[in-house]
Amino acid sequence: MKAFEPQLVYIEPGALDYPLGRELKEKFEKKGVEIRETTSHNQVRNIPGKNELQQYRNAKSTLVIGVRKTLKFDTSKPSAEYAIPLATGCMGHCHYCYLQTTLGNKPYIRTYVNLDEIFDAADQYIKEREPEITRFEAACTSDVVGLDHLTHSLKKTIEHIGQTDSGRLRFVTKYKHVDHLLDAKHNGNTRFRFSVNSDHVIKQYEPGTSSFLERIEAAGKVAKADYPLGFIVAPLIRHENWKEGYHELFERLEAILPLYAKKDLTFELIQHRFTKTAKNIIQKRYPKSKLEMNEEERKYKWGRYGRGKYVYKNEEADELKETIQSYIGHFFPQAKIEYFT
Ligand code: 0TT
Ligand code: SF4
């Protein structure tokens with residue numbers, strides 16, 4: 001898996017008021033990538049492609065260099081108190097990805113260059129809660145690691161949070177491109193998580209991401225660099241032979257992970273969910289996908305603002321939870337399971 005390189009770059013004029021904006025412009029000029037100026041990211045239209053599907057595919061290799069205007073952070077339960085905005089969008093093509101609905105018709109990748117303003121806002125949130133710890137999730141709207149070899153904004157965030165007493169950072173990735181993050185002064189304040197799944201789920205539903213082995217190899221490096229390490233097992237899917245599939249996942253994980261990576265380990269478990277809107281979008285964008293989204297076989301869970309979603313029925317969700325918990329208990333008895341949702 002090669003590190004992401006955009007095919008087309010848009011720059012919002014305000015972005016050039018910031019050092020990172022100017023640096024990125026120069027970087028892509030040198031690489032010879034086509035650069036277009038735009039007045040605002042809402043003006044990013046005309047993404048090439050002769051139909052919607054092609055435009056969607058091209059958007060996923062388009063990078064917008066922009067300024068984050070709202071410095072009010074969203075909440076991010078259950079993984080953290082707040083979502084820290086560094087980027088939106090992702091180069092991956094996971095069929096089940098919730099960004100397909102949450103980002104609406106803006107599937108391009110957008111990175112924010114006004115980092116000092118974002119860090120000031122984070123500092124305010126930390127201060128309000130002190131002496132309580134405040135956790136920031138950097139992976140709510142993007143896979144930031146997959147992009148960071150270009151921007152290093154995650155690296156700067158890691159170092160910024162590393163300097164705080166009560167701030168913590170966490171993010172999750174499916175990419176192996178972690179080398180530049182290994183020497184970041186994280187001070188133990190960042191939990192570096194990798195998304196893992198059964199072989200079936202990774203092969204069927206996660207095109208455009210690093211392989212299982214690549215992710216675990218990267219996880220070993222991250223643990224060696226003394227980051228607290230975690231795994232998100234998501235989405236948990238009851239596919240054919242799922243019990244064997246997930247058993248094999250934990251068995252392989254245990255066998256490959258070096259010993260030092262096992263001493264401070266967390267797991268987060270998220271069952272597959274979808275909305276009606278998501279189902280429609282997925283069927284358009286990945287028409288051959290075998291992702292199972294049969295409303296009759298699911299339970300409807302009411303959500304805020306009428307945005308309900310379909311999850312597994314209680315009995316099936318319980319079985320899923322207990323099975324996975326027992327595998328973790330067996331292979332990683334010292335690890336902490338943070339939640340099942
Ligand atoms: O499969 C998507 C589901 O996974 C969502 O319901 C959020 C959840 N999730 C994602 C989670 O439980 N833990 C994580 O660490 C996440 C990777 C990050 C996250 C995102 C989160 O913890 N809490 C959230 O509220 N989100 C937001 O959910 C981001 C986005 O706006 C929204 C999508 O439902
Ligand atoms: Fe979505 Fe994560 Fe896959 Fe990117 S890697 S497409 S953010 S699920």
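Just so you know, residue 1 is the first one in the sequence shown, and it goes up from there. The structure displayed is predicted, hence computed values, not measured ones. Indexing begins at 1, ligand by ligand and atom by atom, following the structure's order.
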Check: Going by the atom numbers of ligand 2, which of them fall below 4.0 Å from some non-hydrogen atom of Gly92?
Finding: 6 (S)
Margin query: Does ligand 1 come near enough to Arg193 that some N or O of the ligand is less than 3.5 Å from an N or O of the residue?
Written below: yes
Item checked: Ser79 N/O under 3.5 Å from ligand 1 N/O -> yes
Notebook entry, point to check: Where's the contact between Arg307 and ligand 1, heavy-atom distance under 4.0 Å: side chain, backbone, both or neither?
Noted result: neither
Check: What protein heavy atom sits nearest atom 3 (Fe) of ligand 2, and how far away is it?
Finding: Cys94 SG, 2.3 Å
Margin query: Same cluster or not: Val67 versus Ile84, using hydrophobic residues (I, L, V, M, F, W, Y) connected whenever any side-chain heavy atoms lie under 4.5 Å apart?
Written below: yes
Checklist line | ligand 2 versus Thr173: contacting region, heavy-atom distance under 4.0 Å | finding: neither
Notebook entry, point to check: Where is the nearest protein heavy atom to atom 1 (Fe) of ligand 2: which residue, which atom, and how far?
Noted result: Cys97 SG, 2.3 Å
Note to self: Give me the residue, atom name and distance of the protein heavy atom closest to atom 4 (Fe) of ligand 2.
What the structure shows: Cys90 SG, 2.2 Å
Margin query: Could you check whether Thr209 and Arg215, counting side-chain N and O atoms only, form a donor-acceptor pair closer than 3.5 Å?
Written below: yes
Check: Can you check whether Lys77 has an N/O within less than 3.5 Å of an N/O in ligand 1?
Finding: yes
Next item on the list: Assign the ring pair Phe192 / Phe194 to parallel, tilted or perpendicular, where the plane angle (0 to 90°) is split at 30° and 60°.
Entry: parallel
Check: By number and element, which atoms of ligand 1 are closer than 4.0 Å to a non-hydrogen atom of Pro78?
Finding: 12 (O), 22 (O)
Next item on the list: Indicate whether the side chain of His272 and that of Tyr310 have a donor and an acceptor atom separated by less than 3.5 Å.
Entry: no
Checklist line | Sub-4.0 Å atoms of ligand 2 with respect to non-hydrogen atoms of Lys174 | finding: 2 (Fe), 3 (Fe), 5 (S), 8 (S)
Note to self: Which residue and atom name correspond to the protein heavy atom nearest atom 31 (O) of ligand 1, and how close is it?
What the structure shows: Thr102 CG2, 4.2 Å
Check: If you draw a 6.0 Å radius around CD in Glu315, do more than 12 non-hydrogen atoms from other residues or ligands fall strictly inside?
Finding: no
Check: Which residue holds the protein heavy atom closest to atom 17 (C) of ligand 1, what is that atom called, and what is the gap in Å?
Finding: Val172 CG1, 3.9 Å
Next item on the list: Apply the test side chain to side chain donor-acceptor pair (under 3.5 Å) to residues Asp148 and His177: give CA-CA distance (whole Å), side-chain angles for both, the deciding distance (0.1 Å), then the verdict.
Entry: CA-CA 8 Å; Asp148 206 58; His177 309 101; over 6 Å; no
Next item on the list: Could you check atom 21 (C) of ligand 1 against the protein and tell me its nearest heavy-atom contact, residue, atom and distance included?
Entry: Ser76 OG, 3.3 Å
Notebook entry, point to check: Which distance, rounded to the nearest 0.5 Å, do you find between the OH of Tyr327 and the CD of Glu322?
Noted result: 12.0 Å
Check: Numbering the atoms of ligand 2 from 1, which are under 4.0 Å from a heavy atom of Leu99?
Finding: 7 (S)
Checklist line | Glu214 side-chain N/O to Ser211 backbone N/O, donor-acceptor pair under 3.5 Å | finding: yes
Check: Between Asn197 and Tyr246, do the side chains contain an N or O donor and an N or O acceptor separated by less than 3.5 Å?
Finding: yes
Next item on the list: State whether a side-chain donor-acceptor pair under 3.5 Å links Glu137 with Ser79.
Entry: yes
Margin query: For a ring-ring contact (aromatic ring centres under 6.0 Å, His included) check, start with the C-alpha distance between Phe136 and His160, then their side-chain angles and the critical distance, and finish with the verdict.
Written below: CA-CA 12 Å; Phe136 296 96; His160 180 80; 9.2 Å; no
Checklist line | Cation over ring face, Arg285 and Tyr56, 6.0 Å, 45° | finding: yes
Check: Would you say Arg129's side chain and Ile133's backbone share a donor-acceptor pair under 3.5 angstrom?
Finding: yes
Item checked: Closest approach of Tyr312 to Lys299 (non-hydrogen atoms, all atoms of both residues) -> O-CB, 3.9 Å
Check: Which is it for Ile232 and ligand 1 at heavy atoms under 4.0 Å: side chain, backbone, both or neither?
Finding: side chain
Margin query: Among all protein heavy atoms in this structure, tell me which lies nearest to atom 9 (N) of ligand 1, with the distance rounded to 0.1 Å.
Written below: Ile270 CD1, 3.6 Å
Check: Does atom 13 (N) of ligand 1 have a protein non-hydrogen atom under 4.0 Å from it?
Finding: yes
Notebook entry, point to check: Counting each atom of ligand 1 from 1 as listed, which ones have a heavy atom of Glu137 under 4.0 Å away?
Noted result: 15 (O)
Next item on the list: Tell me which part of Tyr339 gets within contact of ligand 1: side chain, backbone, both or neither, using heavy atoms under 4.0 Å.
Entry: side chain
Next item on the list: Determine whether the side chain, the backbone, both or neither of Thr341 has a heavy atom under 4.0 Å from any heavy atom of ligand 1.
Entry: side chain
Notebook entry, point to check: Between the candidates Phe171, Phe274, Tyr98, which shows the shortest non-hydrogen contact distance to atom 2 (C) of ligand 1?
Noted result: Tyr98
Item checked: Protein residue, atom and distance nearest to atom 26 (N) of ligand 1, heavy-atom basis -> Cys140 SG, 3.7 Å
Next item on the list: Heavy-atom distances under 4.0 Å are what count here, so tell me which part of Arg273 touches ligand 1: side chain, backbone, both or neither.
Entry: side chain
